[in-house]
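Right, one structure below, let's go through it.
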Amino acid sequence: MASFHGNQTTSSTTTLTHSPIYHSIILAGPRLKPLQQIHARIIITGLGRTRSLITKLLSFAYAAASPISYTRRLFFSIPKPDTFLFHSLITLTSKFSFPQESLLCYRRMLLANISSSNYTFSAVIKSSADLTAFSIGETIHCHVYICGYGLDAYVQAALVSFYAKSGHVMIARKVFDKMPEKTVVAWNSMISGYEQNGFGKEAVELFFFMQDLGVKPDSSTFVSLLSACAQVGAIGLGFWVHEYIARNCFDLNVVLGTALMNMYSRCGNVSKAREVFDSMEEKNIVAWTAMISGYGMHGHGSQAIELFNEMSFDGPRPNNVTFVAVLSACAHAGLVDEGRQIFTTMKQEYGLVPSVEHQVCMVDMLGRAGHLNEAYQFIKNTSPKEPAPAVWTAMLGACKMHKNFDLGVEVAEHLLSIEPENPGHYVMLSNIYALAGRMDRVEKIRNIMIRNRLKKEVGYSTIDVDHKVYSFSMGDKSHPESNQIYLYLDELMSRCREAGYIPASESVMHEVEEEEREYVLRYHSEKLAIALGLLKTGPGVAIRIVKNLRMCEDCHTAIKYISILANREINVRDRLRFHHFKDGSCSCQDYW
């Protein structure tokens with residue numbers, strides 16, 4: 001018996017030294033992990049090719065995020081893997097975020113002529129989505145139908161998620177509509193797909209349809225729905241979700257709590273967001289950063305800095321995103337000295353290398369405050385290579401704000417040289433020329449845009465009235481009560497004129513001919529949305545609007561007058577920040 005054990009050890013050791021995995025273990029040296037130590041012991045004892053043990057090892061390896069080179073060698077060391085092993089590995093690699101390994105296993109499984117299961121298909125479809133590998137996902141979709149899983153609920157839910165994550169929302173909806181039975185997971189995938197692709201209104205409408213059919217939502221439903229509410233400013237629905245969560249005793253975990261807090265911040269109620277933040281038992285770095293960002297977008301720079309200091313002292317360690325949030329808050333509030341100090345702290349105390357986003361915040365902060373030369377020198381000195389277009393765009397906005405036309409033209413022309421297909425740069429340069437009275441240059445820019453078929457991004461505004469979201473674009477007449485809206489707005493703007501409002505027609509010189517200017521200004525999307533809000537809500541009710549672009553100067557001025565004449569508080573969230581209009585003043589103090 002002793003002789004048998006001795007021979008086995010010698011034979012096993014010989015096998016071990018010729019194994020490629022043996023060499024990877026030896027190279028690990030003193031840093032050998034416990035999992036690899038166990039593997040080495042398995043090989044030494046002669047069990048290195050036992051399928052069940054290697055499968056277990058692989059499971060632990062993927063769960064522990066072991067090096068890909070090691071796990072891949074381990075996988076290829078298995079002789080003739082069976083169906084169970086392939087299915088297990090594909091599911092594990094997908095679950096633990098190894099999408100490439102998942103698809104590699106799937107390919108090897110096909111070559112071995114082993115059939116897939118619904119769980120296998122769900123896993124590889126998820127992996128395709130994680131890699132944004134659209135063509136691979138489409139191919140797997142074909143395999144799904146060939147293998148007879150076209151109506152499987154799990155597979156279809158995975159396909160909905162895949163197409164939505166790939167940006168093909170219409171295809172996702174087609175798959176969703178064809179499902180004979182829709183689980184809550186499928187509903188969540190479709191609602192989330194709409195929200196993540198910027199279709200917040202459609203996400204909200206789908207949730208109402210889900211409610212009509214009696215499907216019970218879960219926490220994941222509400223996380224996506226709250227994000228959609230934040231996107232379109234549907235605070236009424238957001239309030240209802242908050243009440244539903246409390247009434248049905250949902251666990252306000254960090255994910256759901258952060259979504260709720262973010263909804264309140266982005267819908268204009270930052271004090272309610274802070275209440276949610278304070279009530280959360282667990283706060284991770286995402287929650288802290290979201291609250292700091294919420295203060296920043298409302299112009300509450302001091303509160304953002306105070307919370308940042310509290311986080312630095314008694315919370316998770318701030319990361320790059322946190323510093324973007326607090327620097328942005330400084331920019332919106334004009335806290336230049338504080339912003340400079342925080343930027344220095346980020347580099348010296350936290351050892352973080354400034355990213356493009358940090359550079360944009362600094363240029364934006366300095367530029368808004370009128371420190372154009374310092375902002376320009378910051379761009380020149382900070383980046384060892386060519387600064388990103390976003391940094392120059394922030395500089396261009398500052399030049400326009402402070403009417404530094406010479407520097408603005410220089411920056412705009414540089415931007416056009418590095419991003420000639422971006423229509424936004426042409427529009428900004430045209431604006432600068434118009435403000436400087438260089439109409440010959442305005443015409444030239446317009447002709448270039450027409451010749452190159454470049455169009456500026458279409459502006460639109462949304463408003464939530466009685467839990468229904470309405471969307472308007474400039475001159476939009478799609479609303480069934482358009483006639484009443486336009487009559488009311490005409491009357492309102494006439495009253496504004498009598499009160500002293502003068503249309504800022506120069507802001508549209510680059511877009512239209514002389515006789516069209518006032519018409520274009522009067523029927524901007526935010527004015528139409530406000531008119532609907534005033535018509536459909538009672539006295540004293542605040543009007544909340546979401547605009548996808550930066551609000552123009554004319555609308556900013558006009559809404560000040562409207563807030564006086566209508567005796568309403570009007571909150572507008574544009575691309576940059578919140579504007580709280582009340583009694584003829586704006587919270588941004590004309591600093592946006």
Side-chain angles (χ1 to χ4, degrees), residues 229-240 242 261-276 294-304 329 332-333 460-472 485 488-489 491-501 522 524-592:
C229 290
Q231 196 176 107
V232 298
I235 195 169
L237 178 58
F239 272 125
W240 180 88
H242 194 176
M261 181 179 64
N262 188 52
M263 181 278 297
Y264 279 124
S265 289
R266 296 189 65 199
C267 287
N269 198 333
V270 71
S271 59
K272 192 70 177 175
R274 183 59 192 259
E275 284 181 25
V276 175
Y295 276 133
M297 74 172 70
H298 286 270
H300 302 323
S302 298
Q303 291 94 321
H332 287 308
Y460 65 86
S461 299
T462 59
I463 182 171
D464 175 24
V465 178
D466 295 331
H467 293 188
K468 186 170 182 181
V469 178
Y470 298 92
S471 180
F472 293 91
I485 292 170
Y488 180 81
L489 183 57
E491 179 190 347
L492 186 62
M493 295 312 297
S494 295
R495 290 171 61 199
C496 287
R497 266 186 170 277
E498 292 172 5
Y501 157 72
R522 175 169 290 194
H524 271 190
S525 63
E526 49 266 66
K527 293 190 182 88
L528 291 169
I530 289 170
L532 175 67
L534 292 173
L535 279 170
K536 293 295 182 180
T537 58
V541 177
I543 305 296
R544 292 182 171 86
I545 307 295
V546 176
K547 175 74 184 271
N548 69 321
L549 303 177
R550 179 186 184 273
M551 184 164 36
C552 74
E553 293 176 21
D554 179 77
C555 285
H556 195 268
T557 302
I559 297 171
K560 289 181 184 178
Y561 283 93
I562 294 171
S563 70
I564 297 173
L565 295 171
N567 194 25
R568 296 285 192 101
E569 182 178 342
I570 302 173
N571 300 323
V572 180
R573 187 187 87 212
D574 69 6
R575 176 174 282 179
L576 300 178
R577 60 168 296 154
F578 262 94
H579 301 265
H580 299 276
F581 296 92
K582 187 175 182 180
D583 299 328
S585 298
C586 179
S587 60
C588 77
Q589 299 177 3
D590 301 337
Y591 189 80
W592 88 105

### Task
Could you please spell out the steps behind the side-chain contact (heavy atoms from CB on, under 4.5 Å) verdict for Ile559 and Ile545?
CA-CA 11 Å; Ile559 297 171; Ile545 307 295; over 6 Å; no
### Query
Excluding sequence neighbours, so at least two apart, what forms side-chain contact (heavy atoms from CB on, under 4.5 Å) with Ser525?
Ser461, Phe472, Lys547
Has the side chain of [X] got a donor or acceptor atom that lies under 3.5 Å from a matching backbone atom of [Y]?
X: Ser471; Y: Thr462; result: no
X: Arg544; Y: Gly233; result: no
X: His580; Y: Glu569; result: no
X: Tyr488; Y: Leu532; result: no

### Task
Decide yes or no on side-chain contact (heavy atoms from CB on, under 4.5 Å) for Met551 and Val572, but give the supporting numbers first.
CA-CA 9 Å; Met551 184 164 36; Val572 180; 4.1 Å; yes
### Task
Check Cys229 against Met263 and note the closest heavy-atom contact, atom names and distance.
CB-CG, 3.9 Å
### Message
Tell me the closest heavy-atom pair linking Asp464 and Gly236, and the distance in Å.
### Response
OD2-N, 3.2 Å
### Task
Determine, for Glu275 against Lys272, whether the closest basic-nitrogen to carboxylate-oxygen distance falls under 4.0 angstrom.
yes
### Summary
In this structure, CD1 of Ile530 is separated from CG of Leu489 (nearest 0.5 Å) by 9.0 Å
### Message
So, taking the atom named SG in Cys588 and the one named NE2 in His332, what distance separates them when rounded to the nearest 0.5 Å?
### Response
10.5 Å
### Query
According to the interplanar angle, ranging from 0 to 90°, do the rings of His556 and His579 count as parallel (below 30°), tilted (30 to 60°) or perpendicular (above 60°)?
perpendicular
### Query
According to the salt bridge (charged side-chain N to carboxylate O under 4.0 Å, His left out) rule, which pairs have a member within residues 556-567, sequence neighbours left out?
Lys560-Asp590
### Message
Go through it in stages, so that I can follow the logic: the residues are Asn571 and His298, the test is side-chain contact (heavy atoms from CB on, under 4.5 Å), and I'd like the CA-CA distance, side-chain angles, deciding distance and then a yes or no.
### Response
CA-CA 10 Å; Asn571 300 323; His298 286 270; over 6 Å; no
### Message
Tell me if the OH atom of Tyr460 is crowded by more than 12 foreign heavy atoms within 6.0 Å.
### Response
no
### Task
With sequence neighbours excluded, tell me which residues meet side chain to side chain donor-acceptor pair (under 3.5 Å) with His242.
Tyr264
### Query
Where do Ile543 and Ile562 land on the side-chain contact (heavy atoms from CB on, under 4.5 Å) test, with the steps shown first?
CA-CA 11 Å; Ile543 305 296; Ile562 294 171; over 6 Å; no
